[in-house]
Amino acid sequence: MNYWLMKSEPEECSVDDVLAMPNATVPWFGVRNYLARNFMRDQMRLQDGVLFYHSSCALPGVVGLAEVASTPYPDATQFDAGSKYFDPKASLEAPRWQLVDVRVTRKTRTLSLAELRAHADLTEMILLRRGNRLSITPITPPEWNTILGLLAESST
DNA sequence: GCCAACGTTGGC
DNA sequence: GCCAACGTTGGC
């Protein structure tokens with residue numbers, strides 16, 4: 001069992017948007033960074049724990065719990081000339097971008113980026129490293145447990 | 001809008 | 001294969 005943090009821009013796909021989908025499940029489309037892709041393609045397993053994170057918004061932070069809900073498969077948007085995620089170098093025969101489905105299991109309070117930064121046990125989180133831009137990052141079991149504990153508290 | 005960080009591109 | 005220029009991410 002592995003744990004992950006996955007960023008989504010709520011203007012494009014919020015946790016509420018996913019909850020409104022069938023089975024509260026969404027294909028994690030649009031990743032165009034090789035390291036993030038490789039996490040999905042090579043390391044994610046069914047039912048891995050996922051922190052659903054809202055980025056590029058007024059209050060960035062963890063907003064829900066989710067799980068990996070499929071094995072990897074090609075991201076359809078890479079083949080769609082009308083999509084902003086279209087990749088002319090990808091083909092059906094040689095897809096370049098793989099994704100997994102993510103199922104939201106629970107919406108939580110917003111555990112803000114500022115609150116994450118303020119916690120002594122989370123200073124090593126990849127998300128919090130200076131200059132980090134990765135949209136998918138691994139979370140250690142202690143970090144996962146700490147964050148679940150924070151989510152169980154009322155907002156501070 | 002600014003800017004730090006870093007990935008990608010393309011000339012050589 | 002190097003590396004400068006450029007583009008993107010994402011918080012502030």
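Here is the naming used below: chain letters follow the sequence lines, and residue numbers restart at 1 for every chain.
Between the A:R32 side chain and the A:Y85 main chain, a donor and an acceptor come within less than 3.5 Å of each other. Side-chain N or O atoms of A:Q78 include one that pairs as donor or acceptor with a backbone N or O of A:D75 at under 3.5 Å. Counting only distance, with no hydrogens or angles, the side chain of A:K7 and the backbone of A:L134 share a donor-acceptor pair below 3.5 Å. Looking at A:D48, its side chain does come within 3.5 Å of a backbone N or O of A:N2 through a donor-acceptor pair. In this structure, the side chain of A:R109 engages the main chain of A:E153 through a donor-acceptor pair within 3.5 Å.
Counting heavy atoms of neighbouring residues, nucleotides and ligands inside a 6.0 Å radius, atom CD of A:E12 exceeds 12 of them.
Regarding A:E9, its CD atom lies at a distance of 12 Å from the C1' atom of C:dG11, rounded to whole Å. Between the P atom of C:dG11 and the CZ atom of A:R129 lies a distance of 17 Å, rounded to the nearest Å. To the nearest angstrom, P of B:dC6 lies 12 Å from CG of A:L35. For the pair A:H54 NE2 and C:dG11 P, the interatomic distance rounds to 12 Å; values are reported in whole Å. The nearest whole Å value for the distance from the NZ atom in A:K7 to the C1' atom in C:dT9 is 7 Å. Atom CD1 in A:I126 sits roughly 16 Å away from atom P in C:dG11 (whole-Å rounding). One can place CG of A:L59 at 10 Å from P of C:dC12, the figure rounded to the nearest angstrom. Look at CG on A:N33: it is 12 Å from P on B:dT9, rounded to the nearest Å.
Checking the phosphate oxygens (OP1, OP2) of C:dG11, a side-chain nitrogen or oxygen of A:Y53 falls inside 4.0 Å.
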Output a table of nitrogen or oxygen pairs between the protein and nucleotides 2-4 of chain B separated by less than 3.5 Å.
residue, atom, partner, partner atom, Å
B:dA4, O3', A:R130, NH2, 3.3

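No donor-acceptor contact under 3.5 angstrom links the side chains of A:T77 and A:D80, judged on distance only. Side-chain contact annotation: A:Y34 with A:R96, donor-acceptor N/O pair under 3.5 Å present. Donor-acceptor pairing under 3.5 Å is recorded for the side chains of A:W97 and A:D87.
Aromatic ring orientation, A:W4 versus A:F39: tilted (interplanar angle from 30° to 60°).
Residues from residues 78-93 of chain A that place a heavy atom under 4.0 Å from any atom of DNA chain B: there are none.
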Structure string for DNA chain C in dot-bracket form, Watson-Crick and G-U at under 3.5 Å, | interchain: ||||||||||||

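When heavy atoms are screened at a 4.0 angstrom cut-off, A:L113 is found touching the sugar-phosphate backbone but no base atom.
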Report the C-alpha separation of A:L113 and A:L128 in whole Å, then their side-chain angles, then the decisive distance to 0.1 Å, and conclude whether the side chain to side chain contact (heavy atoms under 4.5 Å, CB included) test is met. CA-CA 8 Å; A:L113 177 60; A:L128 305 182; 3.5 Å; yes

